Amino acid sequence: MDISITDSFPNSLRECAREILASGGKSVDVYSKLCSLFSPAYPLANILPSQINADLVEKYGYEICRELSFLPISKTDIYLTAVSPTPWDSYKLGQIRALGYDSVRLIAVTDSAFKRLCDYAKNLRPKARAIDREIHAPQMAWGHTPAMNIVRELLIYAIRSGASDVHIEPQEDKAVVKFRINGVLRIQEPVPRAHKKELIDAIKDMATLPLSETKNLSDCRFSLSLDDGSSVDFRVAKIPISGEYENFVLRILDSEKLARAKGTLPFSGGLLDDFESALNAESGMIILTGPTGSGKTTTLYSALMRLDLAELNVRTIEDPIEYKLNKAVQTQIDVKNGVTFPRALRAMLRADPDVIMVGEIRDEETAELAISAANTGHLVLTTLHTRSALGVIPRLQDLGLSRSSIQEAVTLVVSQRLLPCLCNKCKVPVKTTDFQKRHFEFYGITPPKYIYRPLGCPDCGSSGVEGRSPVFEFLRFDSTVRNLMVSNANLEDIAAYNGKRYNSLVKEVMLQIAAGRVEYDQIRNFEPQMHKFLSEKHPL
């Protein structure tokens, strides 16, 4: 049975597919293809012919593009964005990846729209090269310029590009350089094999590491002075890998940027009021949760800078110290010399501090000491690795704490994530599907008529992303939550009560999507909620 997808195909695709199969359709994958095509991952976009990239069409060849059913829009070193009438076709997707891209983003269009775009692309000619952006990549003139100067320009370029990390990955024939920008690694111009050692030696010189030592792990930091008189700190992690190679990760720490923020907290409205109420209390514990790179440490430092550090005895225990606070006593963990979290915390309590910041609770002893400090007149700020605010309760129980001690000490838990924001210059509206409308309604959100998808443009480095925005989930330990804890209520009851006051992380993400700030696909990073929605409320 021959079935074709056209612009006039009925909207109720699932029912239509069932009817096709029930009437004797022999195509086993008819139903899955229909649902895949119009699933949340592939909303139809209205692409203008002018958005097709003439240079890329010429590079791959029009016939190849037509054969693999894709037309390129934009590219980076490892990303290709293209339109296709068959974005679910894994075989064709693999063929496109084989053209030289690790990741391919396909935007769905109808068959007729793709044919019109192909007719336009067939007669396209390469465009004149556009003038580069204000931020210019450094010229890697190895052999003609001192290596130290090249590396310095490379790091300045990373700072101005908004990178949070620089990765140096030596390989057999070259050294790969990557910048992490908005949470995504972007490959830069590689360093030729003949100059790998110059690159590594220059980094070691900056970090004052022995040039001849290649086998040990090393953690250190250095400062880089910029032309405007400011300076930026780099935290260096050196990791030996197979052979004689060494991998470097340079974390960019802009202390002056943090100082300019003057303790500005990333919350608004009622969330800001609740956080400040907990922060201004004389005792208790504030816990920030989230994965690595979610901004927990930055929020902690912003909170400390919100306090009167001159009037309060503020002490921190960190591994490592990210930023220097002039009016606080900061202790660096040094396991080799016996400076561990528990030992440092015990010593600190003898100094009668007003505020203690514990970089991370990692073990039972640290957890017990921090809880004890919060219960004996100290304000404790710390972090914990959990997927949600509510996950703090079972995590602390796993570390040996009782529910009663947790509810007595903890005043506020904040779970946070950083979401990549869509580039305003290249995002395009796509009509919200019926599935997506039901998804918004499931979380009590009025479905928008359109959501947005990225195309990529020179201003965002063809990534479709421009900056990141934080989202939060709060759990405040008021009298009701404490009573629920003492009465051994299950987590679902606590979550139900907390949900009446604060949005969950997944609802916050859905609100950002509805506002057109974030791509719908970001919801896939919250799989437990997504799977629950699919399986319990709207089975296929």
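Keep in mind that the numbers below use all heavy atoms, side chains included, and drop hydrogens, waters and symmetry copies. In this text the structure is predicted, and so the values were computed from the model without any measurement.
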Which pair of non-hydrogen atoms, one from [X] and one from [Y], has the smallest distance, and what is that distance?
{"X": "Thr81", "Y": "Leu455", "result": "CG2-O, 3.3 Å"}
{"X": "Arg453", "Y": "Leu422", "result": "C-CD2, 4.3 Å"}
{"X": "Ser469", "Y": "Gln512", "result": "OG-OE1, 4.2 Å"}
{"X": "Pro170", "Y": "Asn247", "result": "CD-CA, 4.2 Å"}
{"X": "Ser69", "Y": "Phe114", "result": "C-CZ, 3.5 Å"}
{"X": "Thr432", "Y": "Pro448", "result": "OG1-O, 2.7 Å"}

Option among Arg235, Arg251, Lys178 that satisfies the salt bridge (charged side-chain N to carboxylate O under 4.0 Å, His left out) test with Asp165: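 The salt bridge (charged side-chain N to carboxylate O under 4.0 Å, His left out) with Asp165 is passed solely by Arg251 among Arg235, Arg251, Lys178.
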Step-by-step side chain to side chain contact (heavy atoms under 4.5 Å, CB included) determination, Val392 to Thr289: CA-CA 8 Å; Val392 163; Thr289 79; 3.3 Å; yes
Do side-chain atoms of [X] reach the backbone of [Y] as a donor and acceptor pair under 3.5 angstrom?
{"X": "Gln416", "Y": "Gly295", "value": "yes"}
{"X": "Lys215", "Y": "Pro240", "value": "no"}
{"X": "Ser230", "Y": "Leu226", "value": "no"}
{"X": "Arg152", "Y": "Ser225", "value": "yes"}
{"X": "Gln188", "Y": "Arg186", "value": "yes"}
{"X": "His385", "Y": "Gly290", "value": "yes"}
{"X": "Glu198", "Y": "His195", "value": "no"}
{"X": "Glu473", "Y": "Ser415", "value": "no"}
{"X": "Lys507", "Y": "Tyr502", "value": "no"}

Check whether any side-chain heavy atom of [X] sits under 4.5 Å from a side-chain heavy atom of [Y], and report yes or no.
{"X": "Ile168", "Y": "Val191", "value": "no"}
{"X": "Leu250", "Y": "Phe222", "value": "yes"}
{"X": "Val414", "Y": "Phe267", "value": "yes"}
{"X": "Leu56", "Y": "Leu80", "value": "yes"}
{"X": "Asp233", "Y": "Ser223", "value": "yes"}
{"X": "Cys65", "Y": "Pro72", "value": "yes"}

Lys204 and Glu246 ion-paired at < 4.0 Å: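 So Lys204 pairs with Glu246 through a salt bridge.
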Salt bridge Arg193-Glu172, side-chain N to carboxylate O under 4.0 Å: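 A salt bridge is present here (some side-chain N lies under 4.0 Å from a carboxylate O).
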What distance do [X] atom [atom1] and [Y] atom [atom2] have between them, rounded to the nearest 0.5 Å?
{"X": "Arg116", "Y": "Thr110", "atom1": "CZ", "atom2": "OG1", "value": "6.0 Å"}
{"X": "Glu519", "Y": "Arg105", "atom1": "CD", "atom2": "CZ", "value": "6.0 Å"}
{"X": "Ile159", "Y": "Leu154", "atom1": "CD1", "atom2": "CG", "value": "10.0 Å"}
{"X": "Glu508", "Y": "Asn503", "atom1": "CD", "atom2": "CG", "value": "4.5 Å"}
{"X": "Ile150", "Y": "Leu199", "atom1": "CD1", "atom2": "CG", "value": "9.0 Å"}
{"X": "Leu71", "Y": "Gln51", "atom1": "CG", "atom2": "CD", "value": "12.0 Å"}

Mutual orientation of the aromatic rings belonging to Phe474 and Phe472 [parallel < 30°, tilted 30-60°, perpendicular > 60°]: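 The rings of Phe474 and Phe472 stand perpendicular, inter-plane angle above 60°.
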Test log, rule side chain to side chain contact (heavy atoms under 4.5 Å, CB included), inputs Phe440 and Ile513: CA-CA 10 Å; Phe440 283 111; Ile513 295 168; 3.8 Å; yes
Crowding at NZ, Lys197 (>12 non-hydrogen neighbours, <6.0 Å):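 No.
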Residue that, paired with Tyr301, satisfies side chain to side chain contact (heavy atoms under 4.5 Å, CB included) out of Thr299, Thr297, Thr298: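 The option that passes is Thr297.
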Thr383 side chain to Lys296 side chain, donor-acceptor N/O pair below 3.5 angstrom: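 Absent: no donor and acceptor within the cut-off.
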Side chain to side chain contact (heavy atoms under 4.5 Å, CB included) between Arg417 and Val509, intermediate numbers included: CA-CA 10 Å; Arg417 301 288 191 279; Val509 176; over 6 Å; no
Step-by-step side chain to side chain contact (heavy atoms under 4.5 Å, CB included) determination, Leu211 to Asp205: CA-CA 8 Å; Leu211 299 183; Asp205 275 340; 3.7 Å; yes
